[in-house]
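Read the structure below first, then the notes.
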Amino acid sequence: DVKVTQSSRYLVKRTGEKVFLECVQDMDHENMFWYRQDPGLGLRLIYFSYDVKMKEKGDIPEGYSVSREKKERFSLILESASTNQTSMYLCASTPPRLANTEAFFGQGTRLTVV
Amino acid sequence: GNSVTQMEGPVTLSEEAFLTINCTYTATGYPSLFWYVQYPGEGLQLLLKATKADDKGSNKGFEATYRKETTSFHLEKGSVQVSDSAVYFCALSDRGNRDDKIIFGKGTRLHILP
């Protein structure tokens, strides 16, 4: 069974902390994505990556960075957490576009910044 | 650019009612279309998909037909159950584009009353 695994289901962090959200996929997918989900705003793309050590900004990259040192792992970093980053974070992966298949999602990490 | 528009929620129905959730899209290439479902506290999972015009995707009693002439991919189910209560996302990926991003609608929350 294919899997995208996020390291935590729930996190509570303090304002100003550096926060790491980890995502691992076991499908050998090239593409990985980080989204945040907020009520009324749907899914918004933060960063994505097409290959190891490659990264591209999504629609809302401010306050975030990412790391992809290995193909299977894509980390989202909140450099200095703020309360407006309280949200549900979703990781996803897909094979290259010509494979024409759907995205596979992790179970989500609900982050609360206090 | 590419976009997906789906009907605002929440949608509240009684059990065994007929469901339609509207979705329209704009795309520059040859999109594949998807419906994802998110149950409470979970990540997104694929419900159904269609990869070319006039294809019909179906799963768990849900159906959607890829209509190129109306740029639509409406989700339907003939008789909903309480267990169908969830958030539904319409999405597209455009094989004609350089990148592999998936574009999501804002989601429609569905409540089914017993």
Side-chain angles (χ1 to χ4, degrees), chain A residues 1-10 21 23-25 27 29-51 54-61 87-110, chain B residues 1-10 21 23 25 27-53 55 57 59 64 66 73 86-109:
Chain A
D1 199 15
V2 296
K3 262 201 174 153
V4 178
T5 304
Q6 295 182 227
S7 53
S8 304
R9 291 292 297 267
Y10 301 94
L21 303 183
C23 176
V24 177
Q25 50 96 2
M27 296 165 283
H29 283 170
E30 277 75 6
N31 306 324
M32 297 188 74
F33 306 82
W34 275 106
Y35 296 88
R36 63 177 283 175
Q37 182 181 12
D38 301 287
L41 299 177
L43 274 70
R44 293 182 291 167
L45 182 62
I46 304 171
Y47 267 96
F48 57 104
S49 169
Y50 295 136
D51 202 349
M54 292 183 65
K55 59 185 179 184
E56 300 274 351
K57 292 181 180 179
D59 301 318
I60 51 163
S87 187
M88 169 75 104
Y89 290 88
L90 293 165
C91 175
S93 71
T94 67
R97 59 188 158 103
L98 293 179
N100 197 28
T101 66
E102 69 273 19
F104 294 84
F105 281 83
Q107 76 277 29
T109 297
R110 186 163 294 282
Chain B
N2 296 341
S3 67
V4 173
T5 303
Q6 62 182 103
M7 62 189 291
E8 301 262 344
I21 301 177
C23 172
Y25 68 90
T28 55
Y30 308 95
S32 296
L33 301 174
F34 308 89
W35 277 100
Y36 289 84
V37 58
Q38 183 181 35
Y39 298 105
E42 301 293 326
L44 276 69
Q45 56 186 273
L46 180 71
L47 180 59
L48 54 84
K49 67 179 181 182
T51 58
K52 62 183 187 299
D55 271 1
N59 186 26
Y66 187 161
F73 192 55
V87 181
Y88 293 82
F89 291 90
C90 186
L92 72 82
S93 68
D94 190 345
R95 288 168 287 168
N97 267 356
R98 156 66 180 86
D99 61 51
D100 291 340
K101 288 190 287 186
I102 297 181
I103 308 299
F104 288 89
K106 290 189 187 300
T108 303
R109 184 174 296 276

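Chain naming here is simple, since letters A, B, ... match the order of the sequence lines and numbering starts at 1 in each. This is a predicted model, so every value here is computed, not measured.
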Q.
Between Gln38(B) and Leu43(A), is the side chain to side chain contact (heavy atoms under 4.5 Å, CB included) condition met? List the steps.
A. CA-CA 12 Å; Gln38(B) 183 181 35; Leu43(A) 274 70; 5.7 Å; no
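Side-chain contact between Phe89(B) and Gln37(A) is present, with at least one heavy-atom pair separated by less than 4.5 Å.
Rounded to the nearest 0.5 Å, atoms CD1 (Ile102(B)) and OH (Tyr35(A)) are 5.5 Å apart. To the nearest 0.5 angstrom, Leu46(B) atom CG is 10.0 Å from Phe105(A) atom CZ. To the nearest 0.5 Å, atoms CG (Leu48(B)) and CD (Glu102(A)) are separated by 10.5 Å.
When the shell of 6.0 Å around CZ of Arg44(A) is examined, it contains more than 12 heavy atoms from other residues, nucleotides or ligands.
Only the side chain of Arg9(A) has a heavy atom closer than 4.5 Å to any heavy atom of chain B. In this structure, chain B has a heavy atom under 4.5 Å from the backbone of Leu41(A), while its side chain stays farther away. Heavy-atom distances place both the backbone and the side chain of Leu44(B) under 4.5 Å from chain A.
When each of Glu42(B), Arg109(B), Gln45(B) is checked for heavy-atom pairs under 4.5 Å with chain A, Glu42(B) comes out on top.
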